[in-house]
Amino acid sequence: MPTFVYMTRCDGCGHCVDICPSDIMHIDKTYRRAYNIEPNFCWECYSCVKACPQHAIDVRGYSDFAPLGHSVRVLREEKKGTISWKVVFRDGREKNFESPIRTTPWGSIKPPQDYEAPSEDDFKSQELAHEPDGLNIDGLPALTPDKLKQGVV
Ligand code: SF4
Ligand code: SF4
């Protein structure tokens with residue numbers, strides 16, 4: 001479900017613009033409020049929803065398979081360190097979830113620039129950047145060319 005900004009709640013702070021990995025949260029030049037320029041390119045990561053201090057970002061299903069009538073609202077409470085989700089179904093059922101804003105202390109994650117620049121061999125590896133260290137494991141199983149034909153008679 002992509003995101004939707006209530007312009008009357010948005011104050012144009014730009015946090016959602018900064019955090020969106022798909023670069024689809026933009027500030028409208030006339031109204032100085034955020035909006036999702038391309039909902040079908042939304043990763044549905046909800047980073048913007050969680051980052052918005054004004055609770056201005058809603059989550060909506062595509063109208064073709066989720067006709068209007070439901071809602072997903074989020075409440076970020078920094079003092080409590082929690083994010084609460086309230087899901088209301090079209091038939092009136094309601095579900096509430098509460099989870100920590102994050103499970104590690106702020107600032108404790110090593111930023112990309114603190115890692116060594118990748119070597120030429122790293123680009124040939126099946127591992128993604130910062131793997132396996134970033135996953136806190138020693139190694140990932142990898143498929144080698146000699147294993148590709150296993151099982152083929
Ligand atoms: Fe961008 Fe993720 Fe928000 Fe979609 S849910 S607009 S991809 S930050
Ligand atoms: Fe508006 Fe929220 Fe985005 Fe700030 S984070 S620009 S208040 S939608």
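Proximity of F123 to P118: side-chain heavy atoms (C-beta onward) are separated by under 4.5 Å at one or more points. A 4.5 Å side-chain heavy-atom check between T3 and M25 finds at least one atom pair inside the cut-off. Residues Q54 and C10 form no side-chain contact, since every pair of their non-hydrogen atoms from C-beta on lies 4.5 Å or further apart. P132 has its side chain within reach of E127: a pair of non-hydrogen atoms, C-beta onward, lies under 4.5 Å apart. Looking at heavy atoms from C-beta onward, D133 lies out of side-chain contact with E131 at the 4.5 angstrom threshold. Side-chain atoms of K110 and H130, non-hydrogen and from C-beta on, never get closer than 4.5 Å to each other. V49 places a side-chain heavy atom less than 4.5 Å from the side chain of V59. Using a 4.5 Å heavy-atom threshold, the side chains of F89 and K95 count as touching.
Both Y35 and I24 are assigned to one and the same hydrophobic cluster, defined by single-linkage of ILVMFWY side chains at heavy-atom distances under 4.5 Å. One hydrophobic cluster, built from ILVMFWY side chains closer than 4.5 Å, holds both I37 and M7. Linking Ile, Leu, Val, Met, Phe, Trp and Tyr whenever their side-chain heavy atoms come within less than 4.5 Å puts V74 and V87 in one cluster.
Environment of CD in E120: sparse, with no more than 12 heavy atoms of neighbouring residues, nucleotides or ligands closer than 6.0 Å. The number of heavy atoms from other shown groups lying within 6.0 Å of CG (D138) does not exceed 12. Few gaps surround OH on Y115; more than 12 heavy atoms of other groups in view lie less than 6.0 Å from it.
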key: side chain to side chain contact (heavy atoms under 4.5 Å, CB included) evaluation trace for F41 with N36   = CA-CA 9 Å; F41 283 168; N36 184 334; over 6 Å; no
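At distances below 3.5 Å, at least one donor-acceptor pair connects side-chain atoms of H26 with backbone N or O atoms of D23.
In terms of heavy atoms, H55 sits closest to R73 at O-NH2, 3.0 Å. Considering every non-hydrogen atom in both P105 and S108, the closest pair reads O-OG, 2.6 Å.
Looking at I101, I83, I57 one by one, the single match for side chain to side chain contact (heavy atoms under 4.5 Å, CB included) with K50 turns out to be I83.
Going from atom CD1 of I19 over to atom SG of C45 covers 7.5 Å, rounded to the nearest 0.5 Å. One distance of note links OG of S84 with CD of E77; it measures 5.0 Å at 0.5 Å rounding. One finds the CZ atom of R32 at 14.5 Å from the SG atom of C13 (value rounded to the nearest 0.5 Å). Rounding to the nearest 0.5 Å gives a distance of 6.5 Å between NZ of K86 and CG of N96. Considering CD1 of I109 and CG of D114, their distance stands at 12.5 Å, rounded to 0.5 Å.
Using bins of under 30°, 30° to 60° and over 60° for the plane-to-plane angle, the ring pair W85/Y46 lands in the tilted bin.
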